[in-house]
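Letters A, B, ... mirror the listed sequences (proteins, then strands); counts begin at 1.
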Protein chains: 2
Amino acid sequence: MYKKPIIRLSRYKNALYRFKSLGLVRIFSDNLADAVGATAVQVRKDFSFFGITGNKRGGYLIEDLLSKVNEILGKDKITKVIVVGAGHLGSALMNYKGFPQLGIQIAAGFDIDPVKINRKAPIPIFPLDELRDFIRTHTIKVAVIAVPDIAAQQVFNIMISEGITGIVNFAPLRLKTDKKCAVHNVNLGLELETIIYFANALEKENHEDGHFKS
Amino acid sequence: MYKKPIIRLSRYKNALYRFKSLGLVRIFSDNLADAVGATAVQVRKDFSFFGITGNKRGGYLIEDLLSKVNEILGKDKITKVIVVGAGHLGSALMNYKGFPQLGIQIAAGFDIDPVKINRKAPIPIFPLDELRDFIRTHTIKVAVIAVPDIAAQQVFNIMISEGITGIVNFAPLRLKTDKKCAVHNVNLGLELETIIYFANALEKENHEDGHFKS
DNA sequence: TAAATTTTGTTATTTTTTTCACATAAAATA
DNA sequence: TATTTTATGTGAAAAAAATAACAAAATTTA
């Protein structure tokens, strides 16, 4: 399925835009590796995997590279995304400044709390009742779930039945479906837990180092 | 290094607490697999990898399993964590209800904006100036970076120099580190981009299916 | 122009992760 | 008690991902 190379391709793309905005025209695998935290070999390997080639000793032309990467990632058009749940996390996403550059347009937010509704805002926030209709009339294909876990499954079901094909889910539960939909679960608690494990492992290692080596 | 099994172990643990709270005593690899989106074999393989065994045909005693998993994950004590940046995302994290159960205590937040400072709140928010001192006096080892990208590197440097060993970074840039600190970069924009890629791939697949098969 | 250097691109190798296949123990049933 | 059923546990195989090794092209330098 080759998931990791795809993810890195997105990272390369973002780095490329940054390099481009600095006025650079040409880039080396080494620079890209530094920018995304990979190795130069890995960058070239990824490119090779997707059939992208550069110039021996000359690196890559940023413009060429961008158009190839964008083609592979299907970023030739703007993707409309909705965010369901306008709490802290939902707001954080809706206020994320980087989306336009990524070809992502947050089309609307939804919330069950009447206080949060604001149809006139730059990114309007509608009541949850209107979710189904909005997805249908705007042919939304990608959505973010940022509601409490009790509400998540219900929201998810609406999305699935309306033909959403990609969901990033921030509610700490695993959403189930038989339908064809890519679901990416992001669990903020888990991210912290995982890093705590590795932090502890490092702590131990450091102490052992201190004991045995120095 | 075997990173994936560790991450799943955290997921199993959380699922186990949920099962336990439902009054269950015994659990099967199959149930755990469903709960975390893995397969039953994978669950058993993971357990086998960490030397955890159950009872043939009898599944696993939740209580036993939890104590073993917690031991492996080093969750016998509470980990104090600080959150730097009290914007939308930082607030989302500080308000996350699930942390106490995970043995995580958000000890404090930090922000550069004077308006956000609140020393009396349940989770106090201090000015950024006091970050270094706080880490030192409270021997903080794990931190979250939820500041804009321009501020991230500076915050990171303070953390590293004060001996933080685990960082979850939400700023959309890659923080460089030596071996002494585990950094996990979470890029919300990238999460969306990745799911858009897979959503598009599914769209295409569905259309092809419609064309060739039905 | 020849040699040295730099950087890509690819093949081979290793490591990590997932899946498959099936033996084995415990419990249930006949 | 013998048979069948249900799960676990693990060795082997396959797939995915990361790393290593090095040939080849382009450029620079001598």
Residue list, ring pair (Phe, Tyr, Trp, His ring centres under 6.0 Å) with B:Tyr96, at least two apart or on another chain: B:Phe99
Residues forming a ring pair (Phe, Tyr, Trp, His ring centres under 6.0 Å) with B:Phe170, sequence neighbours excluded: none
Would you indicate whether A:Ile123, at its atom CD1, is surrounded by more than 12 heavy atoms from other residues, nucleotides or ligands within a distance under 6.0 Å? yes
Listed pairs, N/O of protein and of nucleotides 28-30 of chain D, under 3.5 Å:
none

Any sub-3.5 Å donor-acceptor pair from A:Arg11's side-chain atoms to A:Val36's backbone N or O? no
If a protein heavy atom is under 4.0 Å from the base, mark B; if only from the sugar-phosphate, S; if neither, -; do that for nucleotides 16-24 of chain C going 5' to 3'. SSSBB---B
Near DNA chain D, which residues from residues 58-72 of chain B have a heavy atom under 4.0 Å away? B:Gly59, B:Tyr60
Would you kindly give the CZ-to-P distance between B:Phe50 and D:dG9, to the nearest whole Å? 15 Å
How bent is the helix from C:dT1-D:dA30 to C:dA30-D:dT1, measuring the angle between the end axes built from five pairs each, rounded to 10°? 10°
Donor + acceptor pair across side chains of A:Asn14, B:Glu193 (<3.5 Å): yes
Any side chain to side chain donor-acceptor pair (under 3.5 Å) involving residues 138-151 of chain B? Give me the pairs, sequence neighbours left out, ordered by first then second residue. none
A:Ile6 has an atom CD1; how far is it from atom P of D:dA16, in whole Å? 13 Å
Expected output: side-chain A:Lys97 to main-chain A:Asn95 donor-acceptor under 3.5 Å: yes
Which residue pairs pass the side chain to side chain donor-acceptor pair (under 3.5 Å) test when at least one of the two sits in residues 25-40 of chain A, sequence neighbours left out? A:Ser29-A:Arg44
In residues 14-36 of chain B, which residues come under 4.0 Å of DNA chain C by heavy atom? none
Under a 3.5 Å distance rule, please check whether A:Asn185 uses its side chain to pair with a backbone N or O of A:Arg174 as donor and acceptor. no
For B:Phe49, what residues pass the ring pair (Phe, Tyr, Trp, His ring centres under 6.0 Å) criterion, not counting sequence neighbours? B:Tyr2
Within a 6.0 Å radius of atom CD on B:Gln153, are there more than 12 heavy atoms belonging to other residues, nucleotides or ligands? yes
Is it the case that more than 12 heavy atoms not belonging to A:Leu66 sit under 6.0 Å from its CG atom? yes
Which pairs count as side chain to side chain donor-acceptor pair (under 3.5 Å) when at least one residue sits in residues 45-54 of chain B, sequence neighbours excluded? B:Arg8-B:Asp46, B:Tyr12-B:Asp46
Calculate the interatomic distance between A:Ile52 atom CD1 and C:dT10 atom C1'; express it in whole Å. 16 Å
Report, as yes or no, whether the 6.0 Å neighbourhood of atom CD1 on A:Ile78 holds more than 12 heavy atoms from other residues, nucleotides or ligands. no
Contacts of type salt bridge (charged side-chain N to carboxylate O under 4.0 Å, His left out), residue B:Glu63, not counting sequence neighbours: B:Lys20
